[in-house]
Amino acid sequence: MRLSQNPISTLKEVPADAEVISHRLMLRTGMIRRLAAGLYVWLPLGLRTLRKVERIVREEMDRAGALELSMPTVQPAELWKESGRWIKYGPELLRFKDRHDREFVYGPTHEEVITDIARRELRSYKQLPVNFYQIQSKFRDEIRPRFGVMRAREFLMKDAYSFHIDEASLAEGYRLMYEAYSRIFTRIGLKFRAVLADGGSIGGSVSQEFHVLAESGEDAIAFSDGDDYAANLEMAASVAPALPRPAAAESLTKVPTPNARSIAELSAQLGVDAARCVKTLLVDGRDGGVVALLVRGDHEMNAVKAQKLPEVAVPLRMASATRVREATGTEPGFIGPLSFTGKIYADHAAAQLADFICGANEKDMHFRGVNWGRDLPEPQSVDIRNVQAGDPSPSGRGTLQIARGIEVGHIFQLGQLYSEAMHAGVLDEQGKSVTMFMGCYGIGVTRIVAAAIEQSHDANGIIWPQAIAPFQVVLVPINYQKSTRVQEAADALYREFGVAGIDVLLDDRDARPGVKFADSELMGIPHRIVIGERGLDAGTLEYRHRGGTESTDISVTDPVGYIQHKLNS
RNA sequence: CGGGGCGUGGCGCAGCCUGGUAGCGCACUUGCAUGGGGUGCAAGGGGUCGCAAGUUCGAAUCUUGUCGCCCCGACCA
């Protein structure tokens with residue numbers, strides 16, 4: 001591409017609402033433009049990178065034996081009603097009607113459509129296993145789209161769905177996808193980690209997410225420093241303390257704690273560690289009542305874990321102030337388990353405490369010296385808290401660290417969740433009908449582009465990994481418009497790179513060198529060759545790598561060979 | 001959904017409090033100079049101030065409504 005022919009210029013200033021670095025750089029380089037909240041136009045420069053990511057994904061999916069197809073973005077509501085997700089999916093599902101008043105959705109994912117295809121087309125176990133995939137736009141009406149294309153409403157996704165005769169085959173298909181994903185992210189040049197995950201709204205049992213490690217990531221992930229255990233914070237199991245609970249030493253006393261509505265205030269007023277306090281959280285119950293969830297004062301409740309408890313309503317909701325009053329006779333801040341009559345769950349760590357402090361179900365009062373088994377019944381002990389850095393790893397080796405990640409891939413073993421609801425079966429070797437087992441596997445193609453920038457940039461701009469750079473080489477001629485020699489040399493070089501099949505950008509704009517240097521760095525093109533009269537006199541060109549700070553003179557005789565060597569090393 | 005904030009040329013902003021017919025920087029156009037790190041000088045083009053209604057002789061400015069967007073929160077017990 002000749003840069004003089006690209007009408008999109010780079011920006012020095014960026015819209016004030018762009019927060020994260022990838023969003024700012026994508027706007028400044030002219031990769032994307034915002035159309036509306038969560039909707040982005042991919043301009044020529046951005047699309048080049050997007051297509052390169054797509055190509056790598058496609059190559060590795062094909063290599064893993066998956067078959068590409070393409071499904072409509074618009075789907076009939078009947079399929080969603082059949083799977084049950086018409087009700088379960090919530091407002092993120094964009095629903096609309098056509099001129100005949102028939103209901104449709106804009107697909108946020110395609111389990112229903114692919115299962116419909118599978119039940120029509122697949123008749124025999126001999127056709128299994130099979131894995132279908134597509135790379136296509138999805139729409140999810142996010143509560144709060146943000147961070148540019150990182151959490152957009154419409155985005156490009158690679159989604160794959162596999163069908164199997166039994167669980168063993170599903171596990172094998174899942175393993176193949178795990179390996180394909182690892183190859184994909186490695187080829188793209190990302191620092192990533194596969195972590196144990198929750199199924200979320202897609203459902204299913206076994207599932208792992210692939211996270212790109214970056215400070216700006218929206219997810220917290222916990223990983224062991226002793227082995228390769230890694231899990232989304234939502235899922236990371238906290239290990240129950242092994243020691244026996246200390247014996248009760250204090251007697252139960254009620255103490256005044258005026259306005260101590262938070263653990264921080266409470267522990268300050270009483271001069272005790274937050275870890276000796278118990279937080280009582282009331283959440284809505286499944287049967288209409290409330291459920292008490294107890295965690296240690298220095299711990300945080302984990303909503304994903306808590307809503308797996310049978311009595312807890314899904315999705316998890318904190319009880320309203322009115323219901324708190326009905327259930328306890330007091331207001332939030334002074335709730336405790338002692339006179340509470342509803343269902344009580346205590347986190348393992350809270351259940352392990354002796355002589356602890358908790359609310360007295362009376363305004364401005366707490367109990368001290370509370371002991372399980374003596375002052376109230378032994379609790380049902382469960383894991384309902386987030387792990388913290390320093391906690392022992394559930395793998396038994398090492399302690400947990402917390403890092404932030406951007407979820408770029410997610411793989412699931414769905415089992416028979418959809419195939420059962422939608423009656424997708426095949427005949428087995430005995431001629432008996434068997435419900436198929438399914439897996440599904442997603443990659444956020446557009447999100448990968450943003451994640452790559454988050455992970456690799458500096459003060460001057462993007463530093464693209466080789467594999468997804470919009471151009472591999474940029475040619476910067478000095479005084480292109482005035483110097484015939486420079487122009488001829490640059491044009492010749494541009495042709496040679498093109499013939500060699502290397503993606504080359506020629507900055508033939510009538511701009512000063514400083515502008516071109518700044519732009520080449522902003523755009524993050526890995527290899528730069530400067531062509532100037534001085535160098536031509538000496539028979540040299542100037543080479544510089546985007547990541548480096550030094551330029552080196554190279555001979556004019558074979559710059560293409562020089563770059564090819566760099567690309568292959 | 002709750003709280004806060006913002007809508008003024010393509011982008012970043014000032015003007016609004018105290019009404020008098022819109023300004024600055026970047027970008028863009030033209031010319032001259034410059035030509036190895038976002039160069040300088042000069043001359044230009046471009047905005048019915050989100051939209052609607054109201055108050056007023058007069059509204060970017062005051063009032064009401066409406067639409068759009070952004071940020072924070074959604075463990076607080």
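The chains referred to below are lettered A, B, ... by the order of the sequence lines, with proteins before strands, and numbering in each begins at 1. All figures in this text were calculated on a predicted structure; none of them were measured in a lab.
Residues satisfying the side-chain contact (heavy atoms from CB on, under 4.5 Å) test with A/Gln472, not counting sequence neighbours, are A/Lys52, A/Gln466, A/Ile502, A/Asp503, A/Leu567. By the ring pair (Phe, Tyr, Trp, His ring centres under 6.0 Å) test, A/Trp86 pairs with no residue at all, sequence neighbours left out. The ring pair (Phe, Tyr, Trp, His ring centres under 6.0 Å) test applied to A/Trp80 returns A/Tyr89, not counting sequence neighbours. For A/Leu309, the side-chain contact (heavy atoms from CB on, under 4.5 Å) criterion is met by A/Leu293, A/Val312, A/Tyr345, A/Val382, A/Ile384, not counting sequence neighbours. Take A/Leu233 and apply the side-chain contact (heavy atoms from CB on, under 4.5 Å) test, not counting sequence neighbours, and it matches A/Ala220, A/Asn386, A/Val387, A/Ile402. Scanning for ring pair (Phe, Tyr, Trp, His ring centres under 6.0 Å) contacts around A/Tyr40 gives A/His23, with sequence neighbours left out.
Of the residues in residues 298-306 of chain A, those placing a heavy atom less than 4.0 Å from an atom of RNA chain B are A/Glu300, A/Met301, in numerical order. Taking a 4.0 Å limit (strictly below) on heavy-atom distances, residues 255-285 of chain A reaches RNA chain B at A/Arg261, A/Ser262, A/Ile263, A/Lys279, A/Thr280, A/Leu281, A/Leu282. Scanning residues 539-547 of chain A for heavy-atom distances under 4.0 Å to RNA chain B yields A/Glu542, A/Arg544. In the region residues 521-533 of chain A, proximity to RNA chain B at under 4.0 angstrom, judged on heavy atoms, holds for A/Glu521, A/Arg528, A/Val530, A/Gly532.
Contact annotation for A/Pro513: backbone-only contact, meaning every heavy-atom pair under 4.0 Å involves sugar-phosphate atoms and none involves a base.
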Side-chain atoms of residues 362-369 of chain A: list all donor-acceptor pairs with protein atoms under 3.5 Å, sequence neighbours left out, distances to 0.1 Å.
unit_1: A/Glu362; atom_1: OE1; unit_2: A/Lys254; atom_2: NZ; d: 2.6
unit_1: A/Asp364; atom_1: OD1; unit_2: A/Asn259; atom_2: N; d: 3.0
unit_1: A/His366; atom_1: ND1; unit_2: A/Thr257; atom_2: OG1; d: 2.7
unit_1: A/His366; atom_1: NE2; unit_2: A/Gly333; atom_2: O; d: 3.3

| Under 4.0 Å protein heavy-atom contact, by nucleotide of nucleotides 3-11 of chain B - B base, S sugar-phosphate only | --------B
